[in-house]
Protein chains: 2
Amino acid sequence: MVSSSDPSASSARDRIRDSALERFGRDGVNRVTIRAIAADAGVSPALVIHHFGSKESLRKACDAHVVALIRGGDDAAPDLTAMLESATPVRRYLARALLDGTSDAAALFDEIVELTADWLADGEREGWVRHSEQPHARAALYVTWLLAPLAFDTHLARVLGVADPHGIDATLRFAPVALDVFTHGIFTSDRELEAWRAVGKEHGSP
Amino acid sequence: MVSSSDPSASSARDRIRDSALERFGRDGVNRVTIRAIAADAGVSPALVIHHFGSKESLRKACDAHVVALIRGGDDAAPDLTAMLESATPVRRYLARALLDGTSDAAALFDEIVELTADWLADGEREGWVRHSEQPHARAALYVTWLLAPLAFDTHLARVLGVADPHGIDATLRFAPVALDVFTHGIFTSDRELEAWRAVGKEHGSP
DNA sequence: CTGCGGACTGAACATCTGTTTAGCATGACG
DNA sequence: CGTCATGCTAAACAGATGTTCAGTCCGCAG
């Protein structure tokens with residue numbers, strides 16, 4: 001039917017991978033069947049195995065594809081910005097992969113934290129980022145906080161009353177809220193912070 | 001063997017529920033088999049069904065149990081603090097339930113956001129919380145940020161080099177980092193914030 | 001044309017897994 | 001003592017699911 005000389009149609013292999021990406025990200029790997037992926041891609045379940053060998057290999061291929069997309073074609077620098085600007089299925093897949101704890105995703109997470117730490121260190125040197133006593137921990141926390149809305153997207157959408165939490169409208173509306181906290185904080189005084197520090201000291205030398 | 005008159009041993013029903021709670025939270029519902037739960041509890045798979053009817057009912061029983069624990073016995077007020085002070089398996093289960101999107105967890109999430117919004121509103125009135133242009137969105141975001149370290153616990157543990165991310169030591173070490181951001185922010189100027197606002201206006205009236 | 005290699009499929013296979021069923025032990029109650 | 005409910009189990013069942021197998025179709029090199 002679809003000849004290989006037709007440039008408009010993507011190859012069956014790519015369609016399978018894209019369908020898997022979509023479903024894996026939306027429902028989680030274990031809830032997705034090869035038959036469902038095959039149906040989405042319009043092929044037989046056997047072809048999925050023919051091209052990828054196994055479901056696990058297919059998942060790894062999705063990992064690799066997403067990592068390649070986020071790392072970008074030219075430079076080898078992954079970036080949270082690049083990630084957050086990726087297409088919705090890609091973002092959802094990555095968030096899901098991080099939550100499921102695949103090894104490729106773990107490596108990517110580590111890389112992103114490193115780059116974020118460097119970025120914050122630059123900002124600190126240049127004066128637009130505040131000093132931190134634990135810069136590495138802060139970078140890691142910052143990354144998880146940027147990922148949090150991705151992980152809890154359905155809950156945020158419901159609570160905030162938006163239809164598509166990944167849409168540009170929702171992003172433009174709620175990104176300033178996060179940025180406001182990142183810029184001015186939430187609490188006006190050191191009261192809570194000092195309370196925690198006191199607990200820590202009390203616990204450290206009893 | 002274990003007679004019902006022995007008060008030291010918990011009932012098989014409770015052991016099944018606790019085993020399920022533990023495994024569901026650690027691995028996710030789909031990856032856990034009834035046989036594994038039964039083995040953990042030291043009973044037969046059939047007894048799991050005998051007591052709970054089905055795997056789905058067992059999951060709902062876990063939901064209800066966790067919700068009851070977090071809501072507390074006396075007052076009907078769930079609280080993020082109560083949740084974060086819960087035992088590790090309970091916390092992990094709730095985080096997993098929120099990520100999997102069960103209906104009970106969704107209701108609990110909504111409740112927690114409401115209470116957090118009230119709490120922040122109180123703080124704003126009393127002067128220890130900064131003003132927000134979107135207080136409800138800020139409350140929701142705040143909740144997801146407190147949940148984020150739970151969701152990405154394995155990655156944080158790896159990156160920060162701690163063995164048990166849920167332990168008291170890790171909490172005492174890293175909670176001040178979060179609180180520092182919540183108190184002082186990360187960025188020193190409104191530059192990033194203004195940039196976003198500009199994008200929003202540009203997008204809003206092209 | 002002939003043969004070959006790769007894309008592709010329908011059907012079957014093997015296994016895993018939630019659930020059912022029939023039955024066993026034990027203690028309570030008449 | 002009989003029997004009846006209850007907690008519990010072993011074994012089997014049924015459906016889903018990842019994977020294999022044998023074979024078809026088709027473009028193409030020789």
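Each chain gets a letter, A, B and so on, in the order its sequence line appears, and its residues count up from 1.
Near DNA chain C, defined here as any heavy-atom distance below 4.0 Å, there are no residues from residues 19-29 of chain B.
Considering CG of A:L98 and NE2 of B:H155, their distance stands at 4.5 Å, rounded to 0.5 Å.
Per the geometry, CD belonging to B:E56 stands 18 Å off P belonging to C:dT17, to the nearest Å. Atom-to-atom, CD1 of B:I49 to P of D:dG7 comes out at 16 Å; the value is rounded to the nearest Å. For the pair A:N30 CG and C:dG18 P, the computed distance is 12 Å after rounding to whole Å. Between the CZ atom of A:F52 and the P atom of D:dT20 there is a distance of 16 Å, given to the nearest Å. Between the C1' atom of C:dG18 and the CZ atom of B:R31 lies a distance of 19 Å, rounded to the nearest Å. The distance from atom CZ of A:R35 to atom P of D:dG18 is 7 Å, rounded to the nearest whole Å. One interatomic measurement links the two molecules: CD1 of B:I16 to P of C:dT19, which rounds to 14 Å at whole-angstrom precision. As rounded to whole Å, 8 Å separates atom C1' of D:dT17 from atom NZ of A:K55.
Between B:D14 and B:R17 there is a salt bridge, since at least one side-chain N of the basic residue sits less than 4.0 Å from a carboxylate O of the acidic one.
At C:dC8, one or more side-chain N or O atoms of A:H51 fall inside 4.0 Å of OP1 or OP2 (strictly under the cut-off). Between A:H50 and C:dC8 there is no side-chain polar atom (N or O) within less than 4.0 angstrom of OP1 or OP2.
Within a 6.0 Å sphere centred on CD of A:E133, other residues, nucleotides and ligands contribute 12 heavy atoms or fewer.
For the salt bridge (charged side-chain N to carboxylate O under 4.0 Å, His left out) condition, no pair includes a residue of residues 171-183 of chain A, sequence neighbours left out.
Exactly one residue among A:T102, A:V32, A:D100 makes a side-chain contact (heavy atoms from CB on, under 4.5 Å) with A:R59. That residue is A:T102. Remark: of the listed residues B:R35, B:R26, B:R23, B:R23 is the sole one forming a salt bridge (Lys or Arg N to Asp or Glu O under 4.0 Å) with B:D40.
For B:L47, the side-chain atoms get nearest to D:dC8 when compared with the rest of C:dT19, D:dC8, C:dC8. The side chain of A:A46 lies closest to C:dT9, out of D:dG18, C:dT19, C:dT9.
In this structure, A:T33 reaches the sugar-phosphate backbone alone: every heavy-atom distance under 4.0 Å involves primed, P, OP1 or OP2 atoms, never a base. Within the 4.0 angstrom heavy-atom criterion, no nucleotide atom of any strand lies near A:V48.
Side chains of A:I37 and A:K55 form no contact here, defined as non-hydrogen atoms less than 4.5 Å apart.
Projected onto DNA chain D by closest heavy-atom contact, B:R13 and A:I34 fall at different nucleotides, the more 5' of which corresponds to B:R13.
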